[in-house]
Student: 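Handing you a structure now.
Starting from 1, each residue takes its place in the sequence as its number. Whatever order the structure lists them in is the order used to number ligands and atoms, beginning at 1. For the numbers below, each heavy atom of this structure counts, side chains included, while hydrogens, waters and symmetry mates do not.
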Amino acid sequence: MAQCVTAGFISGLSFQHLTSWRTDRSNRGAFWLMGWTATLALLFGVNAVLPLLPSGPAAGAALFTRSQLLAAAVLLALPAVRSFTRGRAIRPYVVVAGSLFGVRALLWLATDLVSAHTAVHGVPQYGPLLLATFFVPAGVVAWYVASSTLRMPATQARYTLQVAGSLSVLGLLAAYLVPRGHVAELATAVWAVPLVAALQGMHVLRARATARRLVSQRELREALAGVGTAAWFATDRLELLALAETAAREQLGDPSMTGAMLALPGGRFETRFDASPDQGLTPDAAASDFLDDLGEIVSVAAERMRLAEHLRAAAFTDALTLLPNRHALELHLARALERAATDGTALAVLYCDIDGFKQVNDQHGHSWGDELLRRTAGHVSPHPSEDHFAARFGGDEFVVVREDVRSRDDLVRLAHRIRSELDLTGTDQIAPLISVGVAIWEPGDSTTPEVLLRQADTAMFEGKRTRLGVVVFDDVLRAQMVAEQNLRGELEDAMTRGEFEMYFQPIVDSSTLEIVSTEALVRWHHPDGLRMPDEWLPFAEETGLIVPIGRHLVRAARSGSRRLGLPVAVNIAARQLAEPGFVAGLREDWGDADWDLLTLEITETALLQDLDHVIESLTTLRGLGVRVSIDDFGTGYSSFARLAKLPVDVLKIDQAFVRDLGEPGGVAVVRAIISLAQAYELDIIAEGVERADQLDALVGLGVPQLQGYLLGRPTSSHSLPVVLSSASFGGTDGRIELVAPREPVRRGSSA
Ligand code: C2E
Ligand code: CA
Ligand code: CA
């Protein structure tokens, strides 16, 4: 009866292991337990039916089967126990015990040494080796079980297994050794129960632990995902570290858990989470993986944040001077204006520009130019007693924003410090001056940041123009700014409306007074009246409008020259000459023929700008037959030797020298200019000849060509006769009588 109950109980367990093995094929423990319990169940089943069998071959076969099942149950205990204790390898034990059981089975079948193959009153009789052949291999297995449970960590599970194992061994011993009777019967029935129950208990506990671990692993993964998401949006690495630390504490239930972030070279980070060594729990493998992953997430996010910070900083920083750049200035100014409006305070913008920076850059090289910009950046940055924002606006322009302006004097003092105190000690250079334009915003002004900057720029420009250096934007400049804006619009319209007209002034041969060529001079027929070039040309040049206007004028000069049948000299502004497409544009506008009829008049300052490019253009044009003339010679203070090396053909003596001919030393100056020009084989034209005494003096000095009101005023080509004669141009006061070309000159009596 007891055997039946045990068999039923154990086969139930076996069935349970079968299901758990089927759901998880990798669960070797469940597999071996299933095999082991199935064997035991069969064993007890056979035990139960054995007393019912009559003595004979059936009972003999059942006895043999029982003996083999017992051997198998003992052998299967090896893998079943191992899967719980994770003890050493079982193979040698299986081989030894298995072979011994094999020998026992052979002896059982072939001899009477184990089984006598008879029964006395229904009780089977055994041979002398019955116990020895069972207990020796069972001992080998028991040795393994005992030694591997002893190696287990000292836990409740180990003691349970040891106690249960000992009980089962005792039961087995009792089943064999105790004389037949109730105790022996009971022992035979239940010896395996303690071990099976213990293993089963452990199995259940382990399954629960696995389930718990799975749950907690999922929780850890979710916690990681949470921190990972937060990391994407985090902007502060320490905040993220704190968040991860909280997650680690909560997930591992260890309040002593702390995170530490280490900055490594190259913008990298390393983050570690550790429990306090004295009170913290030692994390298991899953927990330490979790902590590693957590550290990785935080480190990667910190690196990303740092990179983003760098990129952001670079977008707002000028790489050369490390000052905030134009973009940063615009943001700062907009915010500063908002603050000023809320607080009702005044704000000032100082626009600073290095005087003559371009020349310094050309003369001393770009590396010195860079150094000068860096020095200037330090110079405009706030000094210890100051409080302002400084940015590089672009090129050699810097902008200072001063908030909460209480006194104008302070502001002007700051502007003058910037203007004149640039310190270049340690270099052999002379510090340039800096022009500063100041624009002030006061509560109630509706000025936008852009307009404020433009005002300061205008004031700076005025400071340069007047050489005052520091100029505060005021109503006069405001009116000028408005006028310039209007002028710009009008100039743009003038071209489309055809308001520009070329006038032509004769240039005559001084020995014959015959007209040899003309100078084209532009006139603007503004709706309000005639506008002379000095009124608007500088502005057109400054704004770049001179480029399209200039091309238009070349076309007008060309058609005038055709009409008059005379060569023409066209004035070319520096800005036009510097245009990359200047030569190509000129070819287009002039028409690529009759190049010998064209002279370009260029001032010395324009000639010396962007030298390489200018020389290249002029050389090309001279190759075509164009003549180049230095206009206003002597006003630009440049070295004559330097000018003479340029590709030029003609030198125009400026009106100022002609005017000074009557003054003491005036003649000597002009004579010096003439001899220099002759030394360099340049033609000479004197302009601004207004009086007969000037004409006399210039003829006496041997100047070959002359131009001036005395010889003819600039006139519209339409009002000129198609075939010109010098007589067409009247003298101013009739004291000079001009003759037709190629006739001898009759000199006036004014001398
Ligand atoms: P500039 O090239 O020196 O031209 C000579 C200027 O002196 C002209 O003034 C002319 O009218 C004036 N002038 C001629 N003879 C006499 C004289 O005997 N006495 C006095 N006091 N003045 C005399 P304008 O036409 O007003 O031109 C002024 C400047 O504007 C020119 O000086 C030139 O630099 C510029 N300009 C004129 N037309 C053009 C042009 O088509 N293109 C460019 N880029 N500049 C031009
Ligand atoms: Ca000229
Ligand atoms: Ca001139």
Student: If you compare all heavy atoms of Leu323 against all heavy atoms of Ala391, which two are closest, and at what distance to 0.1 Å?
Tutor: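 Of all heavy-atom pairs spanning Leu323 and Ala391, the closest is CD1-C, 3.9 Å.
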Student: For atom 11 (O) of ligand 1, which candidate among Gly712, Pro538, Pro714 provides the closest heavy atom?
Tutor: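 Nearest heavy atom to atom 11 (O) of ligand 1 lies in Pro714.
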Student: Name all residues meeting the side chain to side chain donor-acceptor pair (under 3.5 Å) criterion together with Arg555; count only those two or more places apart in sequence or in a different chain, and write none if there are none.
Tutor: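 Arg555 satisfies side chain to side chain donor-acceptor pair (under 3.5 Å) with Asp589 only.
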Student: List ligand 1 atoms under 4.0 Å from Leu521, heavy atoms only on the residue side.
Tutor: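 In order of numbering, the contacting atoms are 4 (O), 8 (C), 10 (C), 11 (O), 25 (O), 37 (C), 38 (N).
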Student: Is Asp632 close enough to the Ca ion (ligand 2) that one of its N, O or S atoms comes in under 3.0 Å?
Tutor: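 No - counting backbone and side chain alike, Asp632 has no N, O or S atom under 3.0 Å.
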Student: Within ligand 1, which atoms have a heavy atom of Ala573 less than 4.0 Å away?
Tutor: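 That gives atoms 44 (N) of ligand 1.
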Student: For Asp631, what is the atom name of its N, O or S atom nearest to the Ca ion (ligand 2)?
Tutor: OD2
Student: Centre of Trp536's six-membered ring, under 6.0 Å away, within 45 degrees of the axis: is that where NZ or CZ of Arg531 sits?
Tutor: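 Because its charged atom misses either the 6.0 Å distance or the 45° angle limit, Arg531 does not stack over Trp536.
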Student: Which of these, Gln655, Met532, Glu687, Arg575, has its nearest heavy atom closest to atom 7 (O) of ligand 1?
Tutor: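 Nearest heavy atom to atom 7 (O) of ligand 1 lies in Gln655.
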Student: Between Arg627 and Asp649, does any NZ, NE, NH1 or NH2 come within less than 4.0 Å of an OD or OE carboxylate oxygen?
Tutor: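 Between Arg627 and Asp649 there is no salt bridge, as every charged N stays at least 4.0 Å from the carboxylate O atoms.
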Student: Return the option from Glu690, Gln576, Arg713 holding the heavy atom at the smallest distance from atom 21 (N) of ligand 1.
Tutor: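 Of the listed residues, Glu690 has the closest heavy atom.
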Student: Mind checking whether Gly550 has a heavy atom under 4.0 Å from ligand 1?
Tutor: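 False for this residue.
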Student: Report yes or no: does a heavy atom of Met502 sit under 4.0 Å from some atom of ligand 1?
Tutor: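 It does; at least one heavy atom falls under 4.0 Å.
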Student: Please state whether the separation between the Ca ion (ligand 2) and some N/O/S atom of Glu519 is under 3.0 Å?
Tutor: yes
Student: Give a yes/no on ligand 1: does Glu541 have at least one heavy atom closer than 4.0 angstrom to it?
Tutor: no
Student: Give a yes or no on whether Asn571 keeps an N, O or S atom under 3.0 Å from the Ca ion (ligand 2).
Tutor: yes
Student: Tell me, which N, O or S atom in Glu601 is closest to the Ca ion (ligand 2)?
Tutor: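 Result: OE1.
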Student: Distance under 4.0 Å to a non-hydrogen atom of Leu537: what atoms of ligand 1 satisfy this?
Tutor: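 Ligand 1 atoms under the 4.0 Å threshold to Leu537: 30 (O), 35 (C), 36 (N), 45 (N), 46 (C).
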Student: Quick test of your reading of the model: are Lys652 and Asp632 salt-bridged, counting only N-O distances below 4.0 Å?
Tutor: no
Student: Are side-chain heavy atoms of Leu698 and Val658 found at a separation under 4.5 Å?
Tutor: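 Leu698 reaches Val658 side chain to side chain.
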Student: A side-chain contact here means heavy atoms from C-beta on lying under 4.5 Å apart; do Asp660 and Val669 qualify?
Tutor: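 No - every pair of side-chain heavy atoms lies 4.5 Å or more apart.
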Student: Looking only at non-hydrogen atoms, which of Arg659, Gln505, Arg523, Arg691 approaches atom 25 (O) of ligand 1 most closely?
Tutor: Arg523
Student: Within ligand 1, which atoms have a heavy atom of Glu519 less than 4.0 Å away?
Tutor: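 Close to Glu519: 2 (O), 4 (O).
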Student: Side chains of residues 480-495: which donor-acceptor partners sit under 3.5 Å, not counting sequence neighbours?
Tutor:
| unit_1 | atom_1 | unit_2 | atom_2 | d |
| --- | --- | --- | --- | --- |
| Glu490 | OE1 | His526 | NE2 | 3.2 |
| Glu490 | OE2 | His526 | NE2 | 3.3 |
| Asp493 | OD2 | Arg497 | NH2 | 3.3 |

Student: Between Asp475 and Arg478, is there a salt bridge with N-O shorter than 4.0 Å?
Tutor: yes
Student: Ala520 to ligand 1: N or O pair under 3.5 Å?
Tutor: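 No - when backbone and side-chain N and O of Ala520 are compared with those of ligand 1, no distance drops under 3.5 Å.
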Student: Given Asp632, Asp631, Leu710, which has its nearest heavy atom closest to atom 2 (O) of ligand 1?
Tutor: Asp631
Student: Should Asp362 and Lys358 count as an ion pair when the cut-off is N to O under 4.0 Å?
Tutor: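 Salt bridge flag = yes for Lys358 with Asp362.
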Student: Any non-hydrogen side-chain atom of Glu397 less than 4.5 Å from a side-chain atom of Cys352?
Tutor: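 No, every pair of side-chain atoms sits at 4.5 Å or beyond.
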